[in-house]
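Here is the structure we will look at, set down as structure tokens.
All figures in this text were calculated on a predicted structure; none of them were measured in a lab.
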Amino acid sequence: MTNSNTAAPETPSSEPRPASNFLREQIAEDAATRKFGDAVIQTRFPPEPNGYLHIGHAKAICIDFGLADDFGGKTNLRFDDTNPEKEEQEYVDSIQRDVHWLGFDWERLCYASDYFGQLYEWALKLIRDGKAYVDDLSAEEIRQHRGTLTEPGRNSPYRDRPVEENLDLFQRMRAGEFPDGSRVLRAKIDMSSPNLNMRDPVMYRILHATHHRTGDDWCIYPMYDYAHGQSDSIENVTHSMCSLEFADHQPLYRWFIENLGIFPSQQIEFDRLSITYTLLSKRKLLQLVQEGRVSGWDDPRMPTLSGLRRRGFTPEAIRAFVAQAGVSRTNGIVDIEMLEHFQRDDLNHRALRAMAVLRPLKVVITNYPEGQTEHMEVANNPEDLEAGTRQVPFSREIYIEQDDFREVPPPKYYRLSPGKEVRLRNAYFITAQTVVKDSEGNVVEVHCTYDPASRGGNSPDGRKVKSTIHWVSTAHALTAEVRLYEKLFAKPDPNDCAEGGSFLDNLNPNSLEIISDAKLEPSLASAQPGAPFQFERVGYFTADIHSTEGALVFNRTLPLKDTWAKIEKKTGS
RNA sequence: UGGGCGAUCGUCUAAUGGUAGGACAGUGCCCUUUGGAGGCACUUGUCUAGGUUCGAAUCCUAGUCGCCCAGCCA
């Protein structure tokens, strides 16, 4: 594919694709019957640049780009930028960045605003053909004339204006002679249609607004319904995939296409992606940003692609998730656990391992020589030996996780406790001997002895330990800020709120926990944002985009699955 | 109450008149220098009622339930 200014990763061909779905079958059939003759399969991804892309868009992107690619076709990225009041260049830029990051590259970069001239000419034609008219009714009056779901609408008193008058008025609308909202251009179809979209829909409204691309060239802007089908047609889009709610609009798109005599694209609708504990509404995500409930569109708790990226999610995992979630015409809600599964699966294979202690507890190995440092050779990724090894310093004083020591161990607790022996990952067996407490009785230090013969983590006498814990040498430790993220919403359905409440009531107050003094092994000093790490036994992390060598900040992508937490919960200990 | 669309394990999805399968989640066991990962096993499903058929998730009829549409948003 061509026309990109940034490199996009190849889509791995080994990625599983759904065995079948109704979209693929329809395209396969159309290809087999040569419905579109010699034309290649052409699709498009048509976002409105009024916000950042989220994981729901990822599904649409995978469908639009993936399906075309499967059939040797092409995909355009087209901005449906027909409403200058909500659209911005920032969004245009972020969308291109995110589509590339997801792993796709477009054939052509298009804008509905490129077609404003053509659309205007076509409107003139419809007026001349007696199929469109200028209406002087106010928005409120138009609404009243529209009727209801069960009652037909009424014709506007301006519906039968002579063609010449319509032409004159519409040209003067375009020339800027009338104020916003004073008139609209409407299609003359059928005010009694049971499909409300056919009750003389508005084609153009007057909007004296500066457009992010066309500036002040226009003061009338086409409605989405008047622009979308024709934009597809202009681009020779063969298969126009969109979400379910647009099914009712198909008859209108066909009406425009037929009355204009232009190329008819095939529209096929599919279900939007919904995920538990997740909001996928651009309007509401914008509200979270504007009200400062999150730090921005790329807050790592956001379901935006930029937020997921900053959090450490990967395009590969998102694509695999979308493929497994599938596509249909039902309104389902996918468990967020499925997304998390595909992310863990991806990271498990590629994340470099490191040792990091989030909540440090000092351990002194009393029989280890003072001032001595050893360098342990450690595998960077036990799942991938080609990832090599690194040296990790070990010394007499180390940090371990507070959770990894209990003065009074509950049942089935295999970690360190007085008199018990555990393995320090890649180092030695140690046995806890005594504890040091502060004035409040908290254990602040554990004194242990080690078995010098167990270097590397095995005892020559074949002695077994029940547990392996991670550690960081105090003298060599890096201090870092670590941000632990939880779900942004506390309820599976964020919109499930009391009467008069809002989704904001369901915000999870514990969605972000900041740990300011985590202790990291030295190799993490130069971690780059986006590079995935598994902090062994803890979770997957990546350096934040604002992390520096002098002020390290790591974001937790996901915690590792925690069997012990389950046992602990079950036994109530 | 008009129109459109839909209904398969707890969740998502396959089966295109011929053994209801996969993934996630869950449970148990095995394995493990990450209580991670991995392996094995198990559990649970065709909205209802009729009909057509040797045979129905699939076709027909009638219901039930759910989603979408009354922006000069997309």
Taking side chain as C-beta onward, heavy atoms only, is [X] less than 4.5 Å from [Y]?
{"X": "A/R350", "Y": "A/N381", "answer": "no"}
{"X": "A/I142", "Y": "A/D135", "answer": "yes"}
{"X": "A/H57", "Y": "A/I95", "answer": "no"}

So what does [X] hit on the nucleic acid, given a heavy-atom distance under 4.0 Å: a base, only sugar-phosphate, or nothing?
{"X": "A/L137", "value": "base"}
{"X": "A/D271", "value": "sugar-phosphate"}
{"X": "A/V184", "value": "base"}
{"X": "A/V327", "value": "sugar-phosphate"}

[N] phosphate, OP1 or OP2, under 4.0 Å from [X] side-chain N/O:
{"X": "A/T330", "N": "B/U13", "result": "yes"}
{"X": "A/H341", "N": "B/C24", "result": "yes"}
{"X": "A/T82", "N": "B/A74", "result": "yes"}
{"X": "A/R344", "N": "B/C24", "result": "no"}
{"X": "A/K570", "N": "B/G28", "result": "yes"}
{"X": "A/R205", "N": "B/A74", "result": "yes"}
{"X": "A/K282", "N": "B/C73", "result": "no"}
{"X": "A/R425", "N": "B/G35", "result": "no"}
{"X": "A/R537", "N": "B/G36", "result": "no"}
{"X": "A/T563", "N": "B/G36", "result": "yes"}
{"X": "A/R199", "N": "B/G3", "result": "no"}
{"X": "A/K466", "N": "B/U32", "result": "no"}
{"X": "A/K561", "N": "B/A25", "result": "yes"}

Margin query: Assess whether a salt bridge exists between A/R205 and A/D180, defined as any Lys/Arg side-chain N lying under 4.0 Å from an Asp/Glu carboxylate O.
Written below: no
Separation of atom [atom1] in [X] from atom [atom2] in [N], rounded to whole Å:
{"X": "A/E269", "N": "B/C67", "atom1": "CD", "atom2": "P", "result": "19 Å"}
{"X": "A/N426", "N": "B/U32", "atom1": "CG", "atom2": "C1'", "result": "14 Å"}
{"X": "A/N197", "N": "B/A74", "atom1": "CG", "atom2": "P", "result": "13 Å"}
{"X": "A/D403", "N": "B/U34", "atom1": "CG", "atom2": "C1'", "result": "15 Å"}
{"X": "A/L252", "N": "B/G4", "atom1": "CG", "atom2": "P", "result": "16 Å"}
{"X": "A/F270", "N": "B/C5", "atom1": "CZ", "atom2": "P", "result": "18 Å"}

Do [X] and [N] have a side chain to base donor-acceptor pair shorter than 3.5 Å?
{"X": "A/E383", "N": "B/G36", "result": "yes"}
{"X": "A/D248", "N": "B/G3", "result": "yes"}
{"X": "A/Q324", "N": "B/U13", "result": "no"}

Contacts of A/F246 meeting ring-ring contact (aromatic ring centres under 6.0 Å, His included) (sequence neighbours excluded), chain-then-number -> A/Y224, A/H249
Axial cation check for A/F405 ring with A/R415, 6.0 Å and 45° limits:
no
| message | Ring of A/Y111, cation from A/R213 - is the NZ or CZ under 6.0 Å from the centre and inside 45° of the axis? | response | yes
* To do: Apply side-chain contact (heavy atoms from CB on, under 4.5 Å) to A/Q287 and A/F503, showing your working.
  => CA-CA 11 Å; A/Q287 190 180 343; A/F503 68 98; 3.4 Å; yes
### Message
Quick one: does any side-chain atom of A/D271 pair with a main-chain N or O of A/S328 as donor and acceptor, under 3.5 Å?
### Response
yes
Per the O4'-C1'-N9-C4 / O4'-C1'-N1-C2 angle with a 90° window around 0, B/G66 comes out anti
Under the rule of Watson-Crick or G-U wobble with both distances under 3.5 Å, where | means paired to another strand and [ ] a crossing pair, RNA chain B maps to .((((((..((((....[..)))).(((((.......)))))....(((((..]....))))))))))).....
